[in-house]
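Below you'll find the structure, written out as structure tokens, and then a few comments.
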Number of protein chains: 2
Amino acid sequence: MGDTVNMSFLETQPAPTGAPGRASTKETDAACCAPATRDAIGADAAEGLARSLKALADPARLRLVSMVAAHADAEACVCDLTEPLGLSQPTVSHHLKVLVEAGLLTRDKRGTWAYYRLVPGALESLAARITAV
Amino acid sequence: MGDTVNMSFLETQPAPTGAPGRASTKETDAACCAPATRDAIGADAAEGLARSLKALADPARLRLVSMVAAHADAEACVCDLTEPLGLSQPTVSHHLKVLVEAGLLTRDKRGTWAYYRLVPGALESLAARITAV
DNA sequence: CCCATAAATTGACATCCATCGATGCATTCG
DNA sequence: CGAATGCATCGATGGATGTCAATTTATGGG
């Protein structure tokens, strides 16, 4: 195990499952608002996007992604990331694991060191999913 | 207070405060990785972006934003949002407050009802800040 | 072989957070 | 005025999460 990369970032937005449409048949005499003009995001799509966003919604993980991307060859090892972050090595390792499982980084262990790389297009794909909400 | 809208989404990325640059003067004989080619995101910028992302990194809040945007006039009241979400009214009110404080929605109370509107460009601005990491 | 180094895993702990029921506060209507 | 409605706030609670010290698992060198 360990090599399973969650590519949920690149999956195209599946059509809202239930697609309950507007339940206009119900006797809702709601006089407060106009009805919906288009379908909102589905519950499962919201769950998936929320999981992807949670992976980035942390200061330490944002800095890790940025530091990896800022490195030459977009590649960095844990030893170079621990000190600038001011966090312990296990904590950095934990955050990197979260980012890999979210499909934002890839891990490549060569010898003693583990090199992390930014997945091309992952950030752009996530940004696109946000604006499509 | 109460009407303070956090416009942190629209603020241009401030240059990394400390801007320690590359501490190339230090005797780091790191033989594992190449040095950084550009500056990574600052600690405070990461904190701010993380706070904005956390506001969206929740299935209920993503659906709320989408439902508000899907409404005619991009406007919706709480009563129309509670039932489709399957959450209690206090919970929906809490989520809407988080979204307003994050600068994603605006609140406009007219009579008995409270109308929520999507802040134009907020999602796009957030997406841009992600790709700039 | 055994030790040194790099990184991941484990276990524990404190904190944050989503959720709900109960309550309070306006506003509207009879 | 008094009842009803829409929404916000409060307090409590169970679960998720960030963090670290200690340990474990490789990998490499003497």
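As the structure is a computational prediction, the values presented were derived from the model and not from experiment. The sequence lines fix the lettering, A, B, ..., with proteins before strands; numbering per chain opens at 1.
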side-chain N/O [X] vs [N] OP1/OP2, d < 4.0 Å:
{"X": "B/T112", "N": "D/dT5", "answer": "no"}
{"X": "B/S88", "N": "C/dC20", "answer": "yes"}
{"X": "A/S93", "N": "C/dA7", "answer": "no"}
{"X": "B/Y115", "N": "D/dG6", "answer": "no"}
{"X": "A/R107", "N": "C/dA8", "answer": "yes"}
{"X": "B/R61", "N": "C/dA18", "answer": "yes"}
{"X": "A/K97", "N": "C/dT9", "answer": "yes"}

Legend entry - First encountered from the 5' end of DNA chain D, between A/K109 and B/T82: B/T82
Inset, instruction - Would you mind reading off the bend of the helix from C/dC1-D/dG30 to C/dG30-D/dC1 from its two end axes, five pairs each, to 10 degrees? - result: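 One end's axis against the other's: 10°.
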Inset, instruction - Would you state whether a donor and an acceptor, one from the side chain of A/Q89 and one from the base of C/dA8, lie under 3.5 Å apart? - result: yes
Legend entry - Which residue lies more 5' along DNA chain C, comparing A/A114 with A/K54 via nearest heavy atoms: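 In this pair, the answer is A/A114.
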Inset, instruction - With DNA chain C as reference, determine whether A/V92 or B/H94 sits nearer its 5' end, using the nearest nucleotide of each. - result: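 That would be A/V92.
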Inset, instruction - Applying side chain to side chain contact (heavy atoms under 4.5 Å, CB included) between A/L53 and each of B/L53, B/D58, B/L126, report the one that passes. - result: B/L53
Legend entry - hydrophobic_cluster_shared for A/Y115 and A/V98, side chain cutoff 4.5 Å: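 No; A/Y115 is not reachable from A/V98 via cluster members.
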Legend entry - Close side-chain approach of B/L118 and B/L105, heavy atoms under 4.5 Å: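 Yes; the side chains approach each other to less than 4.5 Å.
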Legend entry - Heavy-atom side-chain proximity of A/R38 to B/S66 below 4.5 angstrom: yes
Inset, instruction - Mark yes or no for whether A/R63, through its side chain, and B/A40, through its backbone, hold a donor-acceptor pair below 3.5 Å. - result: no
Legend entry - Donor-acceptor pair, side chain of A/S125 and main chain of A/G121, under 3.5 angstrom: no
Legend entry - Residue A/D58, side-chain heavy atoms: nucleotide from D/dC7, D/dG18, C/dA7 that is nearest: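 Nearest nucleotide to the side chain: D/dG18.
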